[in-house]
Amino acid sequence: MIWNRETRYTSYKAWPKETLPTLRKQVAKSKWRLQHHIQPASGLLNDPNGFSYFNNQWHLSYQVFPYGPVHGLKAWQHLISTDLNHWHDEGLVIQPDSKYDSHGAYTGTALPVGERLFMMYTGNVRDADWQRHSYQIGAWMDKNNQVQKVTPPMISSAPTGYTSSFRDPYLFERDGEYYALIGAQTTAEVGAALLYHSSDLKQWALQGELNLPANLRGYMVECPNLVEINGQPVLIFCPQGLPKTTLDYQNIYPNISLIGQRLDLDQVNFTAAAAPTQLDAGFDVYATEAFNAPDGRALAVSWIGLPEISYPTDAENWAHCLSLVKELTLKDNHLYQNPVAETKKLRATAQPIQAKVIDLPATFETEFTLEADEQVRLKVATTDADHYLLIDLDSQAGTVAIDRSHTGHPFGEKYGQTRTTQVKPHSALKLRLIIDVSVFECYINNGYTTMTGRFFLDDAATQLQLAGNVAAVSGTVWDWRK
Ligand code: FRU
């Protein structure tokens, strides 16, 4: 398939009926298919959307282009779950089928209101001259998961002084009033986040531009999110083109978090409590969506994939996945991320780490502590041992380094094949590593730092190999139940 404007934006109805079943059959054969992570049946997955709890179920959608591994005409693919581990695919819930979203039903969020779920997303439209128009569109979902879009759009254009790169409304409610924080770009091409207010979810008024620090804006802010943890506001967003002097990141674009002391919604004034940090110190996290769940937890899901980079699965007509659901907590103005407690239910047979070589299925988890001032090297390897994902732990220097240059299927090399993170030196180091065929999620020191990424071996990883002072390691390995 040649992916040009025409093929990328062909309406879903115009594709031959057999295209999707044929693609899905091909994709299902891939050796890199994940067993537990959310992945597209075919085509490309990107941002998580509409993560919410409604009608006694967890709802989560994602951006999808089902016809190929490229960014084409996007829709929302909808999933529901009762345990945050197993997701049932409900099909397309928002389709790009109106004049306000003709070139994509882009990212958005959801909020339960009464007996219904209110969703707000960006309608992407290209005119005859391929100029972009962005509409912020409302939609209601009832308890039967039936969706009705609201027309006309809630917000029909960016305000004066901003370009049409205006998207990804993040809905939230405070004291019975509704707000949407929207990613934006000034006409001087500086990133921004605009706060809109509504009392009735019908009339929306610009409250103002959020006072993001000047060095945190880049040229465009995508996917702004705002959660409250222990009464503190936490901003999570993706500033494209962020100067490396602000943050030393290696990924094409960073996904960052900024912990606040206070957020004054009337003044649209955010007071930071700490320096910004990368949400993930690994390779592939972007467009994280987080919300305050009614059970009191702040939950997040990330897109594991990055824009503008080819992945080995592209050749198989699918790309990317979502992360496990993570719980966000705050301690001493630092954001911790850990898989939700429910994830532990997936642990099946346990074995203590004793040997240097542990045979495993392609999906497993390990959690262990390395004593202070020790070094250990982990390989997630195929039995031929030529190909592996390499993880070096040094509890003397306090570093964790992940190297994916030996996997046999390199990609995104321009952005480096290793990532290293600094934790506390001369201290015991705790690692929780989840491997699901071709994705790793690495949680360091109880979620103080996370490192996430894809890796592609010729055969599924079947061994965990340890080198160094294995006697200084104590912990467990589990394979995961289906
Ligand atoms: C981020 C993003 C969003 C946009 C969506 C389109 O990855 O570019 O800003 O709404 O993807 O799929």
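Just so it is clear, the structure is predicted and the values come from calculations on it, not from any experiment. In listed order, ligands and their atoms are each counted from 1.
Shown here are the side chain to side chain donor-acceptor pair (under 3.5 Å) partners of Q261, two or more places apart in sequence or in another chain: there are none.
The residues K326 and E441 are annotated as not salt-bridged, no charged nitrogen and carboxylate oxygen being separated by less than 4.0 angstrom. Between D284 and R404, at least one side-chain nitrogen of the basic residue sits less than 4.0 Å from a carboxylate oxygen of the acidic one, meeting the salt-bridge criterion. The residues K13 and D97 are annotated as not salt-bridged, no charged nitrogen and carboxylate oxygen being separated by less than 4.0 angstrom.
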N/O contact list for ligand 1, threshold under 3.5 Å:
unit_1: ligand 1; atom_1: 7 (O); unit_2: D47; atom_2: OD1; d: 2.7
unit_1: ligand 1; atom_1: 7 (O); unit_2: D47; atom_2: OD2; d: 3.4
unit_1: ligand 1; atom_1: 8 (O); unit_2: E222; atom_2: OE2; d: 2.7
unit_1: ligand 1; atom_1: 9 (O); unit_2: R167; atom_2: NE; d: 2.8
unit_1: ligand 1; atom_1: 9 (O); unit_2: D168; atom_2: OD1; d: 3.4
unit_1: ligand 1; atom_1: 9 (O); unit_2: D168; atom_2: OD2; d: 2.7
unit_1: ligand 1; atom_1: 9 (O); unit_2: E222; atom_2: OE2; d: 3.0
unit_1: ligand 1; atom_1: 10 (O); unit_2: T107; atom_2: N; d: 3.2
unit_1: ligand 1; atom_1: 10 (O); unit_2: D168; atom_2: OD1; d: 2.5
unit_1: ligand 1; atom_1: 11 (O); unit_2: N46; atom_2: ND2; d: 3.2
unit_1: ligand 1; atom_1: 11 (O); unit_2: D47; atom_2: OD2; d: 3.2
unit_1: ligand 1; atom_1: 12 (O); unit_2: N46; atom_2: ND2; d: 2.9
unit_1: ligand 1; atom_1: 12 (O); unit_2: Q63; atom_2: OE1; d: 2.6
unit_1: ligand 1; atom_1: 12 (O); unit_2: K74; atom_2: NZ; d: 3.0

Exercise for the section: Check the pair W130 / Y9 against ring-ring contact (aromatic ring centres under 6.0 Å, His included), numbers first and verdict last. Expected result: CA-CA 12 Å; W130 209 247; Y9 294 95; 5.4 Å; yes
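Checked by atom type and distance alone, the side chain of W87 never pairs as donor or acceptor with a backbone atom of T82 at under 3.5 Å.
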